[in-house]
Amino acid sequence: IDRSISVPSWYQATLAVGLYLDGQTGPARAAAAAGKGMCCGVGYAILAVTEAEAGDLTVAQAALAEAERQAPILAREPAAFWGAFRPTADVVERLNLGLAKAGLRPPPVPVAANPRS
């Protein structure tokens with residue numbers, strides 16, 4: 001990043017995830033803010049996670065709303081949302097816990113159409 005003339009937002013978003021997973025909330029927030037322009041809602045989802053971890057739920061919820069607007073799948077299937085990046089299951093779990101802290105509500109569980117015995 002330091003050697004790049006023009007830093008792509010995905011560099012910052014990726015750095016933010018690494019810092020978040022390492023427990024470095026302050027630097028993760030700064031990187032996430034710089035990476036929020038990453039496509040498909042990912043940048044804003046990462047910003048939501050880092051802001052929720054830092055305790056700024058107002059910013060976290062606004063970032064989550066923008067992430068959901070850009071990528072509606074996030075609200076329906078958060079694990080699938082992250083899946084394109086091939087993270088490990090534990091990383092997906094930690095990111096989804098962060099999204100829950102930011103206000104993401106799990107989708108309702110489908111009910112059987114006709115649950116007769």
Side-chain angles (χ1 to χ4, degrees):
I1 289 174
D2 292 341
R3 294 183 183 130
S4 297
I5 294 171
S6 177
V7 180
S9 58
W10 69 267
Y11 281 24
Q12 297 288 350
T14 303
L15 175 61
V17 171
L19 293 167
Y20 168 77
L21 294 173
D22 193 41
Q24 298 181 48
T25 305
R29 284 175 86 184
K36 69 183 177 186
M38 186 175 173
C39 76
C40 312
V42 175
Y44 278 97
I46 294 167
L47 181 61
V49 168
T50 59
E51 290 295 340
E53 186 64 27
D56 192 337
L57 294 183
T58 301
V59 174
Q61 290 167 351
L64 177 59
E66 180 59 20
E68 289 175 318
R69 187 192 70 74
Q70 290 182 17
I73 191 172
L74 178 62
R76 294 187 313 271
E77 296 180 66
F81 171 77
W82 299 115
F85 304 97
R86 300 187 177 269
T88 60
D90 61 320
V91 169
V92 171
E93 183 178 348
R94 288 188 60 193
L95 291 172
N96 284 345
L97 288 171
L99 289 173
K101 191 182 272 190
L104 182 70
R105 298 292 167 243
V109 176
V111 178
N114 193 354
R116 294 185 187 179
S117 316

Interatomic spacing from [atom1] in [X] to [atom2] in [Y] - rounded to 0.5 Å:
{"X": "Ile73", "Y": "Trp82", "atom1": "CD1", "atom2": "CH2", "value": "12.0 Å"}
{"X": "Phe81", "Y": "Leu95", "atom1": "CZ", "atom2": "CG", "value": "9.5 Å"}
{"X": "Lys36", "Y": "Gln70", "atom1": "NZ", "atom2": "CD", "value": "11.0 Å"}

How close do [X] and [Y] get, counting heavy atoms only, and between which atoms?
{"X": "Cys40", "Y": "Ala71", "result": "O-CB, 3.1 Å"}
{"X": "Ala102", "Y": "Leu64", "result": "O-CD2, 3.8 Å"}
{"X": "Gly37", "Y": "Ser9", "result": "C-OG, 3.3 Å"}
{"X": "Pro87", "Y": "Val92", "result": "CG-CG2, 3.3 Å"}
{"X": "Ala75", "Y": "Glu68", "result": "CB-OE2, 3.5 Å"}

Show me the donor-acceptor pairs within less than 3.5 Å that the side chains of residues 41-56 make with the rest of the protein, sequence neighbours left out.
{"unit_1": "Thr50", "atom_1": "OG1", "unit_2": "Ile46", "atom_2": "O", "d": "3.3"}
{"unit_1": "Thr50", "atom_1": "OG1", "unit_2": "Leu47", "atom_2": "O", "d": "3.1"}
{"unit_1": "Glu51", "atom_1": "OE1", "unit_2": "Arg29", "atom_2": "NE", "d": "3.0"}
{"unit_1": "Glu51", "atom_1": "OE1", "unit_2": "Arg29", "atom_2": "NH2", "d": "2.7"}
{"unit_1": "Glu51", "atom_1": "OE2", "unit_2": "Arg29", "atom_2": "NE", "d": "3.4"}
{"unit_1": "Glu53", "atom_1": "OE1", "unit_2": "Lys101", "atom_2": "NZ", "d": "3.1"}
{"unit_1": "Asp56", "atom_1": "OD1", "unit_2": "Thr58", "atom_2": "N", "d": "3.4"}
{"unit_1": "Asp56", "atom_1": "OD1", "unit_2": "Val59", "atom_2": "N", "d": "3.2"}

Practice problem: Go through the structure and list residues passing side chain to side chain contact (heavy atoms under 4.5 Å, CB included) with Glu93, not counting sequence neighbours. | Solution: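 Partners of Glu93 under the side chain to side chain contact (heavy atoms under 4.5 Å, CB included) test: Leu97.
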
Quiz item: Who are the side chain to side chain contact (heavy atoms under 4.5 Å, CB included) partners of Gln24, not counting sequence neighbours?
Solution: Leu19, Asp22, Pro27

Self-check item: Leu57 reachable from Tyr20 in the ILVMFWY side-chain graph, under 4.5 Å edges
Solution: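 Not linked; separate clusters.
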
